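Inspection log for the structure reproduced underneath, given as structure tokens.
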Amino acid sequence: VSAGAGLAPATVLVLGASPSSEQLAAALRVAAPALTVHPFAKDLDDATLASVEVALMWRLPAGLAPRMPRLQWLSAPAAGIEKLLVPDLPATVRLSRTVDPDQALGIAQFVTAAVLREARDLARYERQQVQRDWSRHPMAAARDEVLVLGQGETGRAIAAMLGACGLQVRGWRRRDGVALAQALPGARFVVNALPLTPETEGLLDAAAFAAMDRGAVLVNIARGGHVVEADLIAALAEGRLTAAVLDVQAQEPLPPESPLWTTPGVRLTPHIAAQASLSTIVGQFLEGLAAWQQGRPLPREVDRTRGY
Ligand code: OXD
């Protein structure tokens with residue numbers, strides 16, 4: 001990453017998950033020797049925190065923001081920034097995020113695989129193989145209707161790929177003012193790619209499931225907080241939904257006692273649909289830092305009032 005060459009000194013706090021804080025800090029130190037980089041640790045002392053001017057973090061631990069009075073710019077190593085919009089983050093701190101085109105591509109591939117697996121009934125043949133059963137159930141090419149919730153980079157990449165696969169794709173976003181319950185009917189697949197904000201939290205609830213076509217499939221690659229999980233479990237039990245592909249859950253890691261593990265129709269993955277790569281995170285952070293230091297507009301800045 002060459003973007004770090006002309007930077008002025010700055011003190012940076014880093015808190016990652018995958019890549020880890022240590023991986024992010026090491027990559028930043030190599031790319032931008034002018035920076036003083038502190039990986040987050042629970043026992044960082046007040047003087048260190050008070051020196052932090054910019055931060056690369058995916059979440060803000062409770063009580064940390066007030067201990068960083070010099071913090072002016074906060075960038076997320078992820079597309080989702082909801083864990084940074086904590087009440088004690090001063091309104092003057094500006095916020096950016098990482099938007100990796102390869103992450104959108106990876107998520108679109110994950111969603112396409114998940115949708116086609118259901119649309120082409122591949123699970124049936126996995127079950128048949130166990131029985132050494134060679135029965136054929138011919139079907140026409142899948143042209144099912146898909147509703148994609150969210151029209152950001154991720155939602156658009158998903159829609160384009162599913163459309164190229166022959167599915168009939170519609171989009172929905174809150175901003176257009178159409179009620180979700182009006183958009184849901186007719187779709188066999190509902191794919192959630194919304195940002196998590198106070199307006200979208202719990203949007204996929206009993207009322208939404210009741211508005212979906214009987215037998216619909218939910219695919220969630222956004223945030224677990226969009227789904228009222230108890231309502232989803234009830235909708236699957238009633239047969240209103242036939243399946244729910246959940247790459248994200250309200251509580252991550254998903255606790256062993258969660259009923260989602262064993263609910264028929266739930267297909268779980270541990271938040272792996274795709275992530276921003278280390279080089280994109282570091283490159284976009286340094287690009288943003290240069291813009292901030294030079295007083296230019298911040299790339300990928302988040303509108304804090306909107307929440308994305
Ligand atoms: C993201 C994620 O928000 O990885 O980028 O979930």
Side-chain angles (χ1 to χ4, degrees), residues 14-24 27-28 40 55-61 74-86 89 94-114 148-159 161 173-174 191-204 218-227 229 244-254 260 267-288 298-304 306-308:
V14 171
L15 173 53
S18 166
S20 68
S21 305
E22 285 68 26
Q23 286 171 318
L24 288 170
L28 280 179
F40 173 77
L56 177 59
M57 309 174 80
W58 73 276
R59 66 183 177 94
L60 258 178
L74 184 55
S75 183
I81 51 82
E82 75 286 346
K83 285 201 157 48
L84 297 173
L85 283 175
V86 295
L89 181 68
R94 294 170 70 187
L95 204 60
S96 304
R97 63 199 189 109
T98 301
V99 180
D100 185 340
D102 260 21
Q103 178 180 22
L105 176 66
I107 291 180
Q109 290 171 344
F110 177 92
V111 171
T112 301
V148 178
L149 311 179
Q151 300 289 287
E153 290 81 0
T154 310
R156 291 199 306 268
I158 292 167
M161 193 177 289
R173 57 180 187 178
R174 278 188 69 252
V191 180
N192 179 35
L194 288 165
L196 185 64
T197 67
E199 289 76 32
T200 63
E201 186 165 0
L203 193 69
L204 295 166
L218 173 70
V219 181
N220 188 15
I221 51 74
R223 288 292 182 263
H226 288 117
V227 176
E229 289 174 347
V245 179
L246 305 177
D247 185 51
V248 287
Q249 299 89 36
Q251 198 186 332
E252 297 179 7
L254 185 65
L260 287 176
R267 327 252 191 261
L268 289 172
T269 45
H271 203 142
I272 47 69
Q275 285 136 353
S277 70
L278 179 62
S279 64
T280 300
I281 294 168
V282 169
Q284 293 191 356
F285 177 77
L286 297 177
E287 185 196 353
L298 288 174
R300 296 167 293 279
E301 184 164 15
V302 173
D303 178 341
R304 285 191 50 178
R306 214 170 54 169
Y308 59 93

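What you see is a predicted model; the values in this text were computed from it and never measured. Whatever order the structure lists ligands and atoms in, that order sets their numbers, starting from 1.
A side-chain donor-acceptor contact under 3.5 Å links T197 to the backbone of E199. Here the side chain of Q151 pairs no donor or acceptor atom with the backbone of R173 at under 3.5 angstrom. D102 places no side-chain N or O within donor-acceptor distance of the main-chain N or O of L105, the cut-off being under 3.5 Å.
Side-chain atoms of N192 and H226 include a donor-acceptor pair closer than 3.5 Å.
Judged as a side-chain hydrogen bond (donor to acceptor under 3.5 Å, both in side chains), and not counting sequence neighbours, T98 has no contacts. In this structure R300 satisfies the salt bridge (charged side-chain N to carboxylate O under 4.0 Å, His left out) test together with E287, sequence neighbours excluded.
The closest approach between R97 and ligand 1 stays at or above 4.0 Å for every heavy atom of the residue.
Any N or O atom pair closer than 3.5 Å counts here, and A78 shares no such pair with ligand 1. Taking any N or O of A79, backbone or side chain, at least one lies under 3.5 Å from an N or O belonging to ligand 1. The shortest N or O to N or O distance between Q103 and ligand 1 is below 3.5 Å.
With ligand atoms numbered from 1 in the order given, ligand 1 contributes 1 (C), 3 (O), 5 (O) to contacts under 4.0 Å with heavy atoms of G80. Within ligand 1, the atoms closer than 4.0 Å to a non-hydrogen atom of R223 are 1 (C), 2 (C), 3 (O), 6 (O), numbered from 1 in the order shown.
Of all protein heavy atoms, the one lying nearest to atom 6 (O) of ligand 1 is H271 NE2, 2.7 Å.
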